[in-house]
Novice: 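Got a structure here, written out as C-alpha cells. Questions coming.
Remember, predicted model here, so these are calculated numbers, not experimental data. Convention: sequence-line order gives letters A, B, ...; per-chain numbering from 1.
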Amino acid sequence: MRLSRYFLPTMKDTPRDAEIVSHRLMLRAGMMQQSSAGIYSWLPLGFNVLKRIEQIVREEQNAAGWNEVLMPTIQPADLWRESGRYDDYGKEMLRITDRHERDMLYGPTNEEQITDIFRTHVRSYKELPGRLYHIQWKFRDEVRPRFGVMRGREFLMKDAYSFDVDFAAAKRAYNRQFVAYLRTFDRLGLKAIPMAADSGPIGGDLSHEFIILAQTGESEVFCHKDWLTTDAVPSNVDYDGDLQPIVDSCLARYAATDEKHDPATCPVDAADLVNTRGIEVGHIFYFGTKYSAPMGAKVAGSDGKEAEVHMGSYGVGVSRLVGGIIEACHDENGIVWPEEVAPFHIGLVNLKVGDTACDGVTEDLYAKLGNAGIDVLMDDSNDRPGAKLATMDLIGLPWQIVVGPRGVAGGVVEVKNRKTGEREEMTPEAALNRFAG
RNA sequence: CGGGGUGUAGCGCAGCCUGGUAGCGCAUCUGCUUUGGGAGCAGAGGGCCGGCGGUUCGAAUCCGUCCACCCCGACCA
C-alpha cells in the first residue's frame, strides 16, 4: 500500500478527551474516530488490525472444533422473555420497538438466540456435542463507557457456545476453550493468565477470566512470579485427547484478581508473588441448564428419556483486544505491534521522494516485497524525513526499511526493528532477502 | 446513578472574572528556499464561540435552561 493512497489521518497533538495510552495512540495513529460515547468508527489502519485479530480468534476456534455461524444484532424480545432475562437485564440492554410495535433489542449477548437455534434442530444425544460460535457486534448501554475501545458500548465479540449431554462432557468443551484461549492470546503476542472468576448462582469452579498483564490495566492482579517467565502454551494440541492435564498445570500456578485475592490465605510466599495490573480479554464459563431449562432445549438420551442440555459460553472481546494489545505493546514513540496483528509487516520509507536514486531503490523494493507476499506500507509522501520517521514509529509496524540519499549513495538502506530500536545498514538485496528470502 | 470537569477553526489552547463585532500554535492552500528524527520565510483561506431563551444600546463574556463529551466512584453474564 502506498501511503499517498491510504487514508491515514495521524495527529501530532493528543485529543483532549483521550486519557489512557491505547485510546490516545489509536486516535493519534488514525485508527478510529469517536462517533458518540463508547461508539467508534474504525478507520483503515484500525480496521486492518481488528480484522487480523478476528481472523486469529477464528482460526483457533475452528481448530478447537467449533463451527462459525452469524446471528443477528437485533433480536426479538420474546426470546428473552422465555429465559427470563428480558426483565432482569435492566437499562444496559438497548430496547427497540419496530414499526409494528414489536419489542426488539440490540443484542448484548446471544445465549437465547443460540439456544433457540439448537433446540430447533437437535433432538438426540447422538448429535452432540454442539459447538457453535460467532463474531458479531454487541451493544451494552454501559452507564459509563470509557477508555476508548476498552470499555465501549458497541463492541465486537467472539462468543462461543457448547451443548453437551452431561457435566462431564460439558467440562471437556470447557477445557477445549480453555486451551484454545491460551493459544489464541499467545498468537496475539500477549501473555494471558487464566484467573478464577465468580461463577454466579451455578456455583462450581468452571469460570475463568483471561487477563493480560499491562501496567495501565483496569484491575489489580496477583500472580506467582513464574507466570512472567513460563510459557504455558501448548503446541500441537490434540483437542480430542485429554486436555485436563494442560488445564491443571496451568491452574497450579497461582493467579487471582484483587477481588479473589486474600493475603491471609494466599498459598504463594510474598517473595514469589507479583502484584501488577491487567485487562480482561476473555471469559469462559459453564452454566449448566440455566438457559436450556426455561427454553426447553432437550435431547433424548441413550435411555430414550429427554434431558436438558448442559451449556457453556466463551467470550473474547475482539475490539477490546485492539486497545489491550496497545496497552501491553507501546513505548514513548507510539505503538509496537506484535508481528501477527501488525497492520503491515514493513514500513518502507523513501526519505527523499523525487530523488531518482531513492525513488528507484524504494520502488524496486516495494515491488519485490509485494511479489513475495509481504504487506508493505510505503511512505511515498513529500513530508520531511523527521515527520515520516515519527509517523512510522507512531503506527508501530514491526520493521522499517529507510531509504535515504545518504545511504543510497553508499549502496545501503537501513533496516530498523521497531521493538528493539536496533538499526542495521545493508544492501537493498540483503534487505529483500531478510524478509523475502 | 452520585461527585467533579470541559464545550471557542481540522487538532491543541488563550480570551470570559472586569460585556464593545475573535486570537495563538500546529494542520491546510500558494510561492520560494530546504530535505536522515514532526523545517524556514512570505502570503492566504477557514469560526452564527455546543443549542435555546433572558438581561443589555451591545453577549464568546452576565443570568436561566437544555444537550454533548471527559474524569473519579458505584456498576460491569
Novice: Between A:Lys91 and A:Asp141, is a side chain to side chain contact (heavy atoms under 4.5 Å, CB included) present by the stated rule, with each step listed?
Specialist: CA-CA 7 Å; A:Lys91 287 187 159 181; A:Asp141 202 356; over 6 Å; no
Novice: Rounded to whole angstroms, how far apart are CG on A:Asp13 and P on B:rG12?
Specialist: 7 Å
Novice: Mind checking the P distance from B:rG5 to B:rA9? Whole angstroms is fine.
Specialist: 23 Å
Novice: Base, sugar-phosphate alone, or nothing: which one does A:Met93 contact when heavy atoms must sit under 4.0 Å apart?
Specialist: nothing
Novice: Please work out if A:Phe147 contacts a base, only the sugar-phosphate, or nothing of the nucleic acid, heavy-atom cut-off 4.0 Å.
Specialist: sugar-phosphate
Novice: Applying a 4.0 Å non-hydrogen cut-off, can you work out what A:Gln34 is touching in the nucleic acid: base, sugar-phosphate, or nothing?
Specialist: sugar-phosphate
Novice: Going by atom types alone, do A:Glu154 and A:Trp137 pair a side-chain donor with an acceptor below 3.5 Å?
Specialist: no
Novice: Could you check how far CE of A:Met150 sits from C1' of B:rC76, rounded to whole Å?
Specialist: 14 Å
Novice: If you measure from the C1' atom in B:rC16 to the same atom in B:rG31, how many Å do you get, rounded?
Specialist: 39 Å
Novice: For A:Arg384 and A:Glu142, take the nucleotide of RNA chain B holding the closest heavy atom to each; which residue's nucleotide lies nearer the 5' end?
Specialist: A:Arg384
Novice: Would you mind telling me which of B:rC1, B:rG38, B:rC11 lies closest to the side-chain atoms of A:Met11?
Specialist: B:rC11
Novice: Kindly state whether the ring of A:Tyr181 and the ring of A:Phe210 have centres lying under 6.0 angstrom apart.
Specialist: yes
Novice: Which part of the nucleic acid does A:Pro108 contact within heavy-atom distance under 4.0 Å: base, sugar-phosphate only, or nothing?
Specialist: nothing
Novice: With nearest nucleotides of RNA chain B determined for A:Thr109 and A:Arg28 from heavy-atom distances, which residue corresponds to the more 5′ nucleotide?
Specialist: A:Arg28
Novice: Contact class for A:Ser36 (heavy atom, under 4.0 Å): base, sugar-phosphate, or nothing?
Specialist: sugar-phosphate
Novice: Applying a 4.0 Å non-hydrogen cut-off, can you work out what A:Gly315 is touching in the nucleic acid: base, sugar-phosphate, or nothing?
Specialist: nothing
Novice: Classify the nucleic acid contact of A:Lys416 as base, sugar-phosphate or nothing, counting any heavy atom under 4.0 Å across all strands shown.
Specialist: base
